Structure formats: C-alpha cells, structure tokens
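Each ligand, and each atom within it, is numbered from 1 in the order the structure gives. Model, not experiment: these values are computed from the prediction.
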Amino acid sequence: AVDASHDLSRLVASVTAFESERATVAELRELEEYRSRLVSTIAHEIGNPLAAITAHLEILDEVEIDPEVAVSLDSIRRNTSRITKVSDDLLLLVRVGNPGHPLSTRTVDLRRCVSEAADLVGIAASRKHQRLDLCLPQDPAATCGDADELDRMVANLVSNAVKYTPDGGTVRVSVTVHDTHVELAVSDSGIGMSGEDQAQLFEPFFRSTAPGAAAQPGTGLGLAIVQRIVQRHGGEIQVTSALGEGSTFVVTLPLAT
Ligand code: ADP
C-alpha cells in the first residue's frame with residue numbers, strides 16, 4: 001500500500017508538472033502572438049507617415065533647391081528609405097514567421113528564381129568585378145510554394161554573397177534535382193564568418209561586427225526572413241563558412257510531385 005501511494009503521489013506530481021509545462025507552452029505561444037501583433041502594429045504605424053514623407057520628397061524632386069538644402073534633403077531621403085526597408089522587412093518577417101498565415105502552393109521552378117536573382121545583382125557584381133557563375137539543370141527544378149517568397153529567399157542569399165565578397169571574388173549558384181528534393185547552393189569566396197557569428201546568423205537584427213561585414217549596409221533581417229520562408233516551405237537551410245575563406249548556404253526544398 002505504501003508503494004502504491006508513493007507511485008500515486010509521483011504520478012500526481014508528474015501530471016502537475018506536465019500541466020504546468022503545458023501552461024508555459026500556451027503562455028509562450030500567447031506571448032509570441034502578442035509580440036508579432038505588436039511588431040506589425042508598430043511597422044504599420046511607421047509605414048503610413050513614411051509613405052507621406054516619401055510622397056512629399058517626390059514633390060521636392062521637381063523643385064529647384066539651393067545646394068545646402070539639397071545635402072540635407074539627400075540625407076532625409078537616404079534615411080527615409082532605410083526606415084522604409086526596416087519597416088517592410090519587419091512586416092514580412094512577422095508574416096512568414098506566422099504558422100497561421102496561408103501559403104499559396106503553386107509550382108515554382110527554382111531555375112527561374114536563380115535567373116531573376118542573378119539579373120537583380122548582376123550590376124552590383126560586375127561593378128565589383130566579381131564572377132557570377134550559375135550552374136542550372138536542363139530540366140525544371142520544381143518545388144511547391146509561394147513564388148514571391150521563394151524569389152525573395154533566393155535573391156537575399158545571392159545578394160548577400162555579392163555584398164560580403166570583396167572585389168574580384170566569385171559567387172557560384174547551383175541548383176540540383178534529387179529524388180525527393182531540390183537543392184540550392186549559394187557559395188562565395190568572400191569574408192566568411194566565425195563559428196560564433198554562424199550560431200546567431202538567423203536571429204532577427206543579427207549583424208556581424210567582423211571587419212568587412214559591419215561596413216556593408218543592411219538591416220540584419222534578411223537571413224531571419226530567408227530561414228522562415230524555407231521552414232514554412234518544408235525545407236531546411238544550412239551554412240558552412242570559414243573566416244576569410246567564404247561561405248556556402250545550402251537550401252533543400254521538397255520536390256514538387
Ligand atoms: P544584412 O545583410 O541586412 O545585415 P542578413 O540577415 O542578410 O542581414 O545577414 C546577417 C549578417 O550575416 C550580415 O550582417 C553578415 O554579417 C552575415 N552574412 C550574411 N551573409 C553572409 C555571407 N555570404 N558572407 C559573410 N557574412 C554574411
């Protein structure tokens with residue numbers, strides 16, 4: 001009887017612990033939802049006045065302005081576009097990080113995403129005298145999902161590769177079709193990252209303080225967005241990198257059937 005009551009009290013204790021753990025998970029989920037709502041409300045609140053400022057700046061484009069004021073206006077323009085980018089990226093981050101947000105499911109050919117990303121960064125790469133090598137299969141590399149999100153994911157990885165690679169370097173983008181998945185690999189011969197930086201890479205607002213990285217403009221939201229897009233498409237993202245030697249990002253996504 002003593003054993004049975006001991007077992008029972010242990011069982012009660014573990015059920016209570018389980019219940020309180022469940023409460024913690026529910027609380028965490030609620031907190032996460034609150035945080036997402038807060039971030040998107042702030043981003044919207046910032047977005048409306050920003051749109052008004054941008055519209056007024058466009059009107060001033062038409063007006064002749066004395067050189068001293070032009071310098072100030074230029075700074076206002078640059079900073080306005082920076083805040084606009086942060087606010088747009090925050091809204092996208094909340095959207096793609098929300099499991100309840102519907103995902104459209106069209107067939108998307110990753111070869112097209114890569115060609116469009118290469119077009120976008122082509123000028124920046126050639127200004128830096130970089131080689132941009134594309135290695136695409138003859139047949140479609142089809143996955144299922146939201147074309148805009150997948151375009152954004154590929155463009156972010158390719159533009160980071162160009163951005164964090166010094167002049168004269170090489171960026172290589174390849175797409176490979178396997179039995180059950182498609183693989184995208186973006187490699188660069190750039191500045192690379194320490195192990196410590198790699199561990200924080202996908203956290204919102206993370207920016208490396210390594211020499212060469214901090215000098216580049218950015219919001220630190222790009223890779224957080226990339227990771228969430230990959231995850232909500234049922235895929236995985238991995239990075240291998242060494243300081244001063246370059247980085248490779250590999251994304252695997254389910255093959256469209
Ligand atoms: P951003 O480029 O806007 O700062 P990201 O989220 O795209 O933000 O990247 C976060 C950080 O990860 C960058 O600031 C940079 O330090 C590092 N990083 C990203 N891609 C690379 C890369 N290909 N090579 C080296 N560092 C990179």
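- Close approach of ligand 1 to Lys163 (heavy-atom distance below 4.0 Å) involves ligand atoms 1 (P), 2 (O), 3 (O).
- Atoms of ligand 1 lying under 4.0 Å from any heavy atom of Ser208, numbered from 1 in the order shown and given with element: 14 (O), 16 (O).
- Residue Glu236 qualifies as open at atom CD: its count of foreign heavy atoms under 6.0 Å is 12 or below.
- The hydrophobic cluster around Leu103 extends to none of the other residues, as no ILVMFWY side-chain heavy atom falls under 4.5 Å of it.
- Ion pairing between a basic and an acidic side chain is recognised when a charged N comes within 4.0 Å of a carboxylate O; Arg152 and Asp148 show no such pairing.
- Closest to atom 7 (O) of ligand 1 among all protein heavy atoms lies Asn160 ND2, 2.8 Å.
- Nearest protein neighbour of atom 17 (C) of ligand 1, counting heavy atoms only, is Leu201 CD1, 4.0 Å.
- Ranking the protein heavy atoms by distance from atom 23 (N) of ligand 1 puts Asp188 OD2, 2.9 Å first.
- For atom 4 (O) of ligand 1, the nearest non-hydrogen atom of the protein is Arg207 NE, 2.6 Å.
- Not a single heavy atom of Gly190 lies less than 4.0 angstrom from ligand 1.
- For Arg35, the CZ atom counts as loosely surrounded, since its 6.0 Å shell holds 12 or fewer non-hydrogen atoms of other residues, nucleotides or ligands.
- In terms of N/O distances under 3.5 Å, ligand 1 is approached by Gly222.
- Leu223 N, 3.6 Å is the protein heavy atom nearest to atom 5 (P) of ligand 1.
- A distance-only check finds a donor-acceptor pair linking the side chain of Arg111 to the backbone of Gln138 [under 3.5 Å].
- The shortest contact between atom 14 (O) of ligand 1 and any protein heavy atom is with Tyr164 OH, 3.2 Å.
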- Report the C-alpha distance between Glu33 and Arg29 in whole Å, list the side-chain angles of each, state the deciding distance to 0.1 Å, and finish with yes or no for salt bridge (charged side-chain N to carboxylate O under 4.0 Å, His left out). CA-CA 6 Å; Glu33 275 167 19; Arg29 195 168 297 142; 5.8 Å; no
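- In terms of N/O distances under 3.5 Å, ligand 1 is approached by Gly220.
- Counted within 6.0 Å of CD1 on Ile123, heavy atoms from surrounding residues, nucleotides or ligands total 12 or fewer; the atom is thus considered open.
- For atom 3 (O) of ligand 1, the closest non-hydrogen atom on the protein side is Thr219 N, 2.9 Å.
- Residue-environment remark: NE2 (His56) stays at or below the threshold of 12 foreign heavy atoms within 6.0 Å.
- The pair Asp61-Arg77 meets the salt-bridge criterion, with a side-chain N (NZ, NE, NH1 or NH2) lying under 4.0 Å from an Asp/Glu carboxylate O.
- In terms of protein heavy-atom proximity, atom 26 (N) of ligand 1 is nearest to Met193 CG, 3.5 Å.
- The distance from ligand 1 to the heavy atoms of Phe206 drops below 4.0 Å at these ligand atoms: 10 (C), 11 (C).
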